Amino acid sequence: MKNKSKTYILLVLVLGVWGTVVYKIIEALNPDVPAYEMTGLSANADYKIETQVDTFSIRKVDRDPFLGTIVKDKKPVKKVASRPTLQWLPVEYQGMLSNGKKNKIFLISINGQQHLLKIGQERDSIKVLSGNNKQIRLQYRYESKRFLKLEQ
């Protein structure tokens, strides 16, 4: 009999706790909205718009306010003279002869004359830097440029 009375007491407590939890959830989802009363709007027709321009000026700061150090003027940046555009000789890449991966010989037409050159060789100040079947990279003085193979 003692166990049944304890069970009933615990059942009442559990139902009370769960009832309180459910009540709090329902109250949170449906809050009461206070009623607002509409008050009459008062309109004032005698209003004045003040228009004043707020002026300010920016001054050069000689001292850093946080560090207390003196700010030095930066030196002007020197402009680097650009190189003049380089006029290339008429160059045409006509193809490549190959006896494996290491022995590549390129057929290049410079000023209408055909030359056979390997990578690193130079003719008429034009040096072969790299190349493959489709394109070649040449250097003339300080400028390098890619040339595509002429399709025939």
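On a predicted model such as this, the values are computed, not experimentally measured, just so you know. Computation of the quantities below employed the complete heavy-atom set of this structure, encompassing side-chain atoms and omitting hydrogens, waters and symmetry-equivalent molecules.
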Query raised in the report: Mind checking whether Glu92 and Phe147 have side chains closer than 4.5 Å, heavy atoms only?
Result: no
**Report entry** Co-members of Leu15 in a cluster of I, L, V, M, F, W and Y side chains, linked at under 4.5 Å
**Finding:** Leu11
Requested in this report: Would you mind listing every side-chain hydrogen bond (donor to acceptor under 3.5 Å, both in side chains) that reaches into residues 105-120, with sequence neighbours excluded?
Outcome: Gln94-Gln114
Query raised in the report: To which residues is Ile26 joined in a hydrophobic cluster, defined by side-chain heavy-atom contacts under 4.5 Å among Ile, Leu, Val, Met, Phe, Trp and Tyr, whether direct or through other members?
Result: Val22
Query raised in the report: Does any N or O in the side chain of Gln139 come within less than 3.5 Å of the main-chain N or O of Arg141, such that one atom is a donor and the other an acceptor?
Result: yes
Query raised in the report: Is the backbone N or O of Lys134 less than 3.5 Å from a side-chain atom of Asn132, with the two atoms forming a donor-acceptor pair by type?
Result: yes
Requested in this report: Taking the side chain as every heavy atom from C-beta outward, state whether Leu138 and Leu129 have any atom pair closer than 4.5 Å.
Outcome: no
Report task. Give a yes or no on this: more than 12 heavy atoms of other residues, nucleotides or ligands lie within 6.0 Å of atom OH of Tyr8. Result -> no
Requested in this report: May I ask whether Tyr142 and Val128 are part of the same hydrophobic cluster, defined by side-chain heavy atoms of I, L, V, M, F, W, Y residues being less than 4.5 angstrom apart, directly or through others?
Outcome: yes
Query raised in the report: Of Ile108, Ile105, Ile136, Ile126, which meets side chain to side chain contact (heavy atoms under 4.5 Å, CB included) against Leu117?
Result: Ile108
Query raised in the report: Going from CG on Leu107 to NZ on Lys149, what distance comes out if it is rounded to the nearest 0.5 angstrom?
Result: 9.5 Å
Query raised in the report: Looking at NZ of Lys104 and CG of Leu97, how far apart are the two atoms once the value is rounded to the nearest 0.5 Å?
Result: 12.5 Å
Query raised in the report: Is Trp88 reachable from Leu148 through a run of I, L, V, M, F, W or Y residues, each pair having side-chain heavy atoms under 4.5 Å apart?
Result: no
**Report entry** Cluster link Val91 to Tyr140, ILVMFWY, side chain under 4.5 Å
**Finding:** yes
Requested in this report: Apply ring pair (Phe, Tyr, Trp, His ring centres under 6.0 Å) to the pair Trp18 and Tyr23, showing each step before the final yes or no.
Outcome: CA-CA 8 Å; Trp18 277 107; Tyr23 177 74; over 10 Å; no
Query raised in the report: Is there a side-chain contact between Ile119 and Phe106 (heavy atoms, below 4.5 Å)?
Result: yes
